[in-house]
*Asks:* 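Mind looking over this structure? Questions follow.
Chain letters run A, B, ... following the sequence lines, proteins first, then strands; residues in each count from 1. Note that this is a predicted model, so its numbers are computed, not measured.
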Amino acid sequence: MTPSLQSDTPLLEMRDVTVGTLRNTDAVVASGVNWVVRQGDFWAVGGLHGAGKSDLLLTAGGLLPPRAGELWLFGQPTSRTEAAHLTQRLRLGVVLDAAPLLSHLTVFDNIALPLRYHRNPPADAVETAVSEFLKATGLLPWASCTPAIVPRAWQKRAVLARALVLRPELLLLDCPLSGLDGPHTGWWLEFLETLARGHELLGRRPLTLAITTEDLGRWRGRARQFALLNHQRFQVLGDWPQVEQCAEPTVRLLAGGHTADPAHLGKSTETRHPERT
Amino acid sequence: MAYAGAMRLSVPSVLRFSWLRELGAAPPPTSPARGLGRRLVLLLLTVQGLTAFGLITLGVLLTKPILARGVIFNLVRQELARAGLRLLPMFLFLAAALGFLVIGQTVSWLTRVGAIQFLGAVMVPVVVRELGPSLTALVVLARVGTAHVVELGTARALGEVEALEALGIDPVHYLVVPRVLGMALGIFSLTVYLVLGAVVSGYVWAFLQDVPLTPGDYFRQLTGALRGLDFALLALKTCAFGAIIAVVTCYHGLAQPLRLADVSAATVRAVAQSLVACVCVDALFIIVYLLAA
């Protein structure tokens, strides 16, 4: 049973947060981040490669503590006690590009793992629930395969299904379209849009989404709010018309309007933190 | 691991092993004394890291005894099969060889000094107290402990640890606890089979060497030399060996991001440190035996 939220209570709120990075305890990828994600939002956060999007998402998801500032999840400050933190964590799903399927489990068992671990339902209930997600993501033919023989694009779908199986209220995705070909990209865009509107898998409840991307233009007409992470600064851009009006060169580049060389856009985070790859 | 370490806040960056990398990247020592000093510091830091990792594992084991028991019991069962059942044929062979070695060596000496009535009793200090647990630990370390380092190092390199944390699953609970439990139970069980097999094969070898000893006398000598403490200490020692090997090998697999080239070096380190730790624990048990005697 998850506590009910008032409709205006933000699901995620970052107050003057300084975002660190896992690779270097001294480095900062963004500071003064103020970000409010409300129920029904669909955020696309753009940033160049190495800008710190993954670290921002990890911090937002409560997986990496803020270096400074406050992180609130579901109307509560992130707790330092493990049990309370876990309760908050289970209400949000995180899909990380660098967090793949577990290689010793089949696709089915990978998707079933959060259910079995956190809820421990009877075997037939697990079977039913996981089968629904396998079907919705087109993974039924891969269900009994281990990740070693599953193509990467299908593995990404399995990671998405695994994050959704606990039916989260907020889903954070790190560059979900990276490395995908046209048909798979189309599937992801359509599926995430359906999730945002209300997918039957989640009882037609609209899912709040926040994704990071290196191509804001792909999310035109799908994401409702846009933001930029650039030069250690998090900037809320607004809706798509406001993105189009933005004169910032990085925004123009990410929105697909220009083909500027990233090298001319100033020092990237990658340059500042060469240990990040 | 880094996420869990960071989130718990109470767990320092010792799990990230950054100090070891910094020391490794430091310029070579300019004198033998400095080289010795660096090795000493590395040793102390390794002991600190292993102790911290062992205590974290113990903490997780005690605070989450029934969490996700279906998943964890299944993993313990798998580990028990790997560190126990699947090694049984090899241990039956080792038991036969051990019985032959011990009886073959002692029969000639005991016959010369007319002390053949101690043949059964010899098996207790040699096989039950020392060789049985130590040989089992050594074989399991070689067969399963090394695999832990490779598996967990690969899982870490592939980002599977981060995947677990993203799912709200404690990697220590999911990856380390089942290995510790499974290996402790596995080494205990295999030691029992090894000791029983060595005792039986010992008598067979004695019989084949025409030693005038009936099975009844042999087992009477054996049981006469055994004490209640032997059973308790055998269980404790074997479980301690299993837990130590699992903790050390998991530590070396998980505590630092391994590149493919690092895996062999980490495996060698894990084997050497497991061996040293087991010998130290064995020495403690010898003291207990001596005090009890």
*Asks:* Where is the tightest heavy-atom contact between R89(A) and E165(B), given as atom of each residue plus distance?
*Replies:*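 Answer, listing the atom of R89(A) first, then E165(B): NH2-O, 3.1 Å.
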
*Asks:* Just by modelled atom types, is the A163(B) backbone N or O under 3.5 Å from a matching donor or acceptor in the R162(A) side chain?
*Replies:*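 Not at all, since once roles are kept as given, no pair shorter than 3.5 Å links the two residues.
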
*Asks:* Donor-acceptor check, side chain of H104(A) to backbone of E151(B), threshold 3.5 angstrom: yes or no?
*Replies:*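 Not a single qualifying donor-acceptor pair exists.
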
*Asks:* What distance do E162(B) atom CD and L96(A) atom CG have between them, rounded to the nearest 0.5 Å?
*Replies:*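 Between E162(B) CD and L96(A) CG, I get 8.5 Å after rounding to 0.5 Å.
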
*Asks:* Using the rule given for side chain to side chain contact (heavy atoms under 4.5 Å, CB included), can you reason through L113(A) versus L164(B), listing the C-alpha separation, both sets of side-chain angles and the distance that settles it, and then say yes or no?
*Replies:* CA-CA 10 Å; L113(A) 180 62; L164(B) 287 173; 4.1 Å; yes

*Asks:* To the closest 0.5 Å, what do you measure between CG (L86(A)) and CG (L67(B))?
*Replies:*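 The CG atom of L67(B) is 8.0 Å from CG of L86(A), to the nearest 0.5 Å.
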
*Asks:* For the CZ atom on F191(A), are there more than 12 heavy atoms of other groups (residues, nucleotides or ligands in this structure) within a distance under 6.0 Å?
*Replies:*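 Atom CZ in F191(A) is crowded, with more than 12 foreign heavy atoms closer than 6.0 Å.
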
*Asks:* Nearest 0.5 angstrom please: L102(A) CG to L167(B) CG, how far?
*Replies:*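 So the gap between those two atoms works out to 7.5 Å.
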
*Asks:* Determine yes or no for a side-chain-to-main-chain donor-acceptor pair under 3.5 angstrom, with E160(B) supplying the side chain and S103(A) the backbone.
*Replies:*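 Yes, because the side chain of E160(B) sits within donor-acceptor range (under 3.5 Å) of the backbone of S103(A).
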
*Asks:* Given heavy-atom pairs under 4.5 angstrom as the criterion, report whether the side chain, backbone, both or neither of L172(A) touches chain B.
*Replies:*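 For L172(A), no heavy atom lies under 4.5 Å from chain B.
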
*Asks:* Which pair of heavy atoms, one from G168(B) and one from Y117(A), lies closest together, and at what distance?
*Replies:*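 Residues G168(B) and Y117(A), closest heavy atoms: O-CE2, 4.4 Å.
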
*Asks:* Side chain from CB out, backbone as N, CA, C, O: work out which of these in L105(A) comes under 4.5 Å of a heavy atom of chain B, or both, or neither.
*Replies:*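 Just the side chain, heavy atoms under 4.5 Å.
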
*Asks:* Could you look at R119(A) and say if it's the side chain, the backbone, both or neither that has a heavy atom under 4.5 Å from chain B?
*Replies:*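 The answer is neither part of R119(A).
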
